[in-house]
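Have a look at the structure below, then the notes.
So you know, we letter chains A, B, ... as the sequences are listed, proteins then strands, and number each from 1. FYI, side chains are in, hydrogens and waters are out, and symmetry mates aren't considered; it's all heavy atoms of this structure. What you see is a predicted model; the values in this text were computed from it and never measured.
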There are 2 protein chains.
Amino acid sequence: MPDRNRPSHSPDTTYTISELAKEFEVTTRTIRFYEEKGLIAPLRQGQKRLYTPADRVRIKLILRGKRIGMTLDECVEVIDMYDPAHNNSEQLRSLIDTVRDRRARFLQQRRDIDDMLAGLDEVQALCEQALADAGDTQ
Amino acid sequence: MPDRNRPSHSPDTTYTISELAKEFEVTTRTIRFYEEKGLIAPLRQGQKRLYTPADRVRIKLILRGKRIGMTLDECVEVIDMYDPAHNNSEQLRSLIDTVRDRRARFLQQRRDIDDMLAGLDEVQALCEQALADAGDTQ
DNA sequence: GCCCAAGTTTACGTTAACGTAAACGGTAAT
DNA sequence: ATTACCGTTTACGTTAACGTAAACTTGGGC
């Protein structure tokens with residue numbers, strides 16, 4: 001049995017596919033699918049996949065993106081912003097533009113969520129009022 | 001030609017499908033699809049669909065939901081919270097629970113977006129630093 | 001009367017993101 | 001040695017949310 005008691009912050013920690021699947025509450029199929037799509041590229045020990053902390057972070061970012069409705073392709077776009085394959089000034093400026101556009105979309109989404117939350121507040125207030133009224137006339 | 005100059009806030013304003021399609025930048029197919037799925041139920045004048053301001057609001061809510069990754073079914077759930085078909089106290093309490101759950105999900109999404117935005121800030125800072133450095137060594 | 005733009009119905013096609021099943025390999029415990 | 005789990009590959013199935021095309025109707029303009 002491999003050592004499951006090593007500190008989780010160890011730099012050379014690795015994870016099996018089922019460990020990550022359990023942690024993130026997805027199926028192993030999902031994780032393999034992400035690999036198939038090129039979103040992650042785990043090591044292999046023999047035939048089995050071995051995930052590094054970096055892989056784990058990528059999965060975390062993917063799932064975060066998914067929760068706010070991003071497609072996998074969009075997740076890749078955002079994740080790729082992090083890796084420093086941007087050599088010359090032209091690429092840097094282009095990346096800054098991409099960042100600006102993406103930020104605008106995120107801000108729109110946050111406005112949408114705030115609007116939704118405001119709606120929920122109203123609904124709840126109406127509910128509680130109706131409940132109070134029902135209590136009064138009892 | 002129908003009057004297209006009536007004030008848009010008139011209570012009995014109606015819209016054609018193409019007007020709404022243009023306003024919300026979707027296709028007419030999309031709007032008909034929402035009807036097919038039971039999300040809206042426009043009036044008819046003869047064979048043609050006529051949309052009321054209430055229909056328009058529902059479409060707006062649907063699209064808002066979609067922007068934050070909600071499915072159409074989830075949009076219906078949320079929209080249905082607004083209409084007062086909640087008669088007795090039991091239903092009211094149940095609705096309050098539903099509201100609480102939904103709010104929790106929205107709050108999670110907002111955290112996700114804030115995390116994404118923080119990531120973009122970092123990326124941008126690194127970009128600008130790299131650009132500045134490139135300028136220095138020129 | 002004829003045309004055109006906008007509307008309609010019906011139906012099949014498409015894409016993303018997995019689910020599900022089959023068939024197989026490695027290894028650890030009984 | 002057999003059972004019990006992981007893990008693997010390959011492949012077909014599924015659902016949501018429309019796109020696209022065909023064939024038809026309808027009211028207004030020339």
Euclidean distance, atom [atom1] of residue [X] to atom [atom2] of [N] [Å, nearest integer]:
X: Ile17(B); N: dT8(C); atom1: CD1; atom2: C1'; value: 9 Å
X: Phe24(B); N: dA17(D); atom1: CZ; atom2: C1'; value: 18 Å
X: Lys22(B); N: dG7(C); atom1: NZ; atom2: P; value: 11 Å
X: Gln47(B); N: dT26(D); atom1: CD; atom2: P; value: 6 Å
X: Ile40(A); N: dA17(C); atom1: CD1; atom2: P; value: 14 Å
X: Ile62(B); N: dA17(D); atom1: CD1; atom2: P; value: 11 Å
X: Ile31(A); N: dG19(C); atom1: CD1; atom2: C1'; value: 15 Å
X: Glu36(B); N: dT20(D); atom1: CD; atom2: C1'; value: 14 Å

I need the [X] [atom1] to [Y] [atom2] distance, nearest 0.5 Å.
X: Leu50(B); Y: Asp55(B); atom1: CG; atom2: CG; value: 9.5 Å
X: Ile68(A); Y: Gln108(B); atom1: CD1; atom2: CD; value: 10.5 Å
X: Leu107(B); Y: Gln109(B); atom1: CG; atom2: CD; value: 9.5 Å
X: Leu131(A); Y: Ile96(B); atom1: CG; atom2: CD1; value: 5.0 Å
X: Arg110(A); Y: Leu117(B); atom1: CZ; atom2: CG; value: 5.5 Å

Under 4.0 angstrom between [X] side-chain N/O and [N] OP1 or OP2:
X: Arg49(B); N: dG7(C); value: no
X: Tyr34(A); N: dC18(C); value: yes
X: Thr27(A); N: dC18(C); value: no
X: Arg32(A); N: dG19(C); value: no
X: Thr30(B); N: dG19(D); value: yes
X: Thr28(B); N: dG7(C); value: no

Which of these nucleotides, [options], is closest to any side-chain atom of [X]?
X: Ser18(A); options: dC18(C), dC18(D), dC6(D); value: dC6(D)
X: Lys48(B); options: dG7(C), dT9(D), dG19(C); value: dG7(C)
X: Lys66(B); options: dG7(D), dA17(D), dG19(C); value: dA17(D)

Ion pair check, [X] and [Y], cut-off under 4.0 Å:
X: Asp73(A); Y: Lys37(A); answer: no
X: Arg105(B); Y: Glu74(B); answer: yes
X: Glu128(B); Y: Arg100(A); answer: no

Every protein N/O lying under 3.5 Å from an N/O of nucleotides 11-14 of chain C:
none

Backbone of [Y] reached by a side-chain donor or acceptor of [X] within 3.5 Å:
X: Arg58(B); Y: Leu39(B); value: yes
X: Arg49(B); Y: Thr16(B); value: no
X: Glu35(A); Y: Pro42(A); value: no

Per the under-4.0 Å heavy-atom filter, residues of residues 68-78 of chain A near DNA chain C come out as Thr71(A), Leu72(A)
Within the 4.0 Å heavy-atom criterion, would you say Lys37(B) contacts the bases, only the backbone, or no part of the nucleic acid? nothing
DNA chain C in dot-bracket form (Watson-Crick or G-U pairs under 3.5 Å, [ ] crossing, | inter-strand) is ||||||||||||||||||||||||||||||
(request) Report yes if some heavy atom in the side chain of Val26(B) is under 4.5 Å from a heavy atom in the side chain of Ile31(B); otherwise report no. (result) yes
### Query
Are Ile62(B) and Phe24(B) connected, step by step, through hydrophobic side chains (Ile, Leu, Val, Met, Phe, Trp, Tyr) whose heavy atoms are closer than 4.5 Å?
yes
